[in-house]
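Read the structure below first, then the notes.
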Amino acid sequence: MPAARKSSRNPAARVGAMLLAAIGLGAWMMLDRTDQDQDQPSAACAAPRPTDPPNYAALCAALNRPDLPGLLGTPQGRVLSAGPALLAFGTDATVEVRLGTSVVSLTDSSTTVKDIADMPEFRPRPTAVLGHGALTYTTSTVTLGSGGGPQTLFVHDLPGATPSPAATDDRTSPGSGAPVRNLVVAQDPKAPGGRAFDLAVFHTNGQPVDDALLHQVAAAVMPSLPGWVATPSDPSGSASAASH
């Protein structure tokens, strides 16, 4: 989920700011790394820019891990690009990794699990990741034309948007693009109203994302992130707690 303005106390306004940051992600995808040669090695994380949040590098390194293709069910896949949002409002760090038809984004988010729970238009459903309170929810992409052909962008729907007639369950996006499955997880299991990590996955070919895959990626990536508070069900143990 793209970054939100910390100055806003209104969850809807904060998600509106996230929309603009998501458009920045799409712009970066269009402008950066166009090489599709599968013989090339997987892309490393883009170097941090002076304007990137201090935790960008750690976030990108955690997501752009060697086993990410396998976690996504494409063990022979190659990372085509990995980097920050081009335009991010506020101070939340957001990274996005693209490989094949899969796109994964991760945000160290000031939009909390409780905030998303209060947004029924995203059809949130409670779940847990390694003992941490979490929600799955659905957003969508849009497709924009460009000189290099159509680009599928990860853009959250505005709160209050009316679901399309095809939106029959929580796995169907309320927008017109490919369905995006999101998993927001409290960094501290005792603080659902505190900072969260938000993971989003979509396929550019429009295929739905399996929730088991979403949980698999989250369970592998999140314990290595600064700010994660370990629980007894977290195999990373005290090492994660020490990073808090």
Side-chain angles (χ1 to χ4, degrees), residues 1-5 8 10-29 63 72 85-90 92-98 101-127 129 134-144 150-186 196-215 217-218 221:
M1 177 187 297
R5 292 184 184 274
S8 174
N10 185 321
R14 295 168 74 176
V15 175
M18 286 186 257
L19 272 168
L20 298 178
I23 293 171
L25 283 174
W28 169 76
M29 286 157 45
L63 184 59
L72 292 170
L86 182 64
L87 299 173
F89 296 87
D92 290 354
T94 300
V95 301
E96 184 164 298
V97 175
R98 172 180 288 257
T101 61
S102 298
V103 182
V104 187
S105 79
L106 179 65
T107 298
D108 182 345
S109 182
S110 55
T111 298
T112 71
V113 173
K114 186 177 183 302
D115 288 339
I116 298 298
D118 291 338
M119 298 179 187
E121 58 272 30
F122 289 147
R123 298 187 291 280
R125 285 193 172 182
T127 184
V129 174
L135 291 170
T136 55
Y137 64 103
T138 303
T139 53
S140 68
T141 65
V142 296
T143 300
L144 300 178
Q151 295 287 335
T152 301
L153 312 183
F154 171 29
V155 181
H156 283 263
D157 292 289
L158 284 171
T162 302
S164 67
T168 56
D169 60 34
D170 72 317
R171 302 176 62 79
T172 304
S173 169
S176 59
V180 181
R181 284 301 279 169
N182 303 259
L183 178 64
V184 59
V185 185
F197 291 120
D198 194 292
L199 180 74
V201 180
F202 74 89
H203 299 303
T204 57
N205 60 10
Q207 290 298 309
V209 176
D210 183 75
D211 280 0
L213 179 150
L214 197 65
H215 279 79
V217 175
V221 171

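Residues take their numbers from the sequence shown, with the count starting at 1.
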Q.
As a test of understanding, state which of L183, L72, V209, L106 forms a side-chain contact (heavy atoms from CB on, under 4.5 Å) with V217.
A. L72
(Q) Quick check: closest heavy atoms across H203 and P208, and the distance to 0.1 Å? (A) CD2-O, 3.6 Å
Q: Before giving the answer on side chain to side chain contact (heavy atoms under 4.5 Å, CB included), spell out for R125 and T136 the whole-Å C-alpha distance, their side-chain angles and the decisive distance to 0.1 Å.
A: CA-CA 5 Å; R125 285 193 172 182; T136 55; 3.7 Å; yes
Q. Yes or no on side chain to side chain contact (heavy atoms under 4.5 Å, CB included) for F197 and V184, after CA distance, side-chain angles and deciding distance?
A. CA-CA 6 Å; F197 291 120; V184 59; over 6 Å; no
(Q) Nearest 0.5 Å, please: how far is CG in D118 from CD in E121? (A) 10.0 Å
Q: For residues P124 and L135, report the shortest heavy-atom separation together with the two atoms involved.
A: CB-CD1, 4.0 Å
Q: Test L199 against every option in V104, N182, V221 by the side-chain contact (heavy atoms from CB on, under 4.5 Å) rule and name the one that passes.
A: V104
Q | Point-to-point distance, once rounded to the nearest 0.5 Å, from CZ of R123 to CD1 of I116 | A | 13.0 Å
Q: Identify the heavy atoms of V113 and A186 that sit nearest to each other, and give their distance.
A: CG2-N, 3.5 Å
Q: Say whether, by atom type as modelled, one donor and one acceptor occur between the side chain of D92 and the main chain of S110 under 3.5 angstrom.
A: yes
(Q) What's the separation between atom CZ in R98 and atom OG1 in T204, rounded to the nearest 0.5 Å? (A) 6.0 Å
Q: Could you tell me the separation between the CG atom of D198 and the CG atom of D115, rounded to the nearest 0.5 Å?
A: 11.0 Å
Q: Give the minimum heavy-atom separation between A134 and V185, together with the two atoms involved.
A: CB-CG2, 3.9 Å
Q. What pair of heavy atoms forms the shortest contact from Y137 to F122, and how long is it?
A. CB-O, 3.4 Å
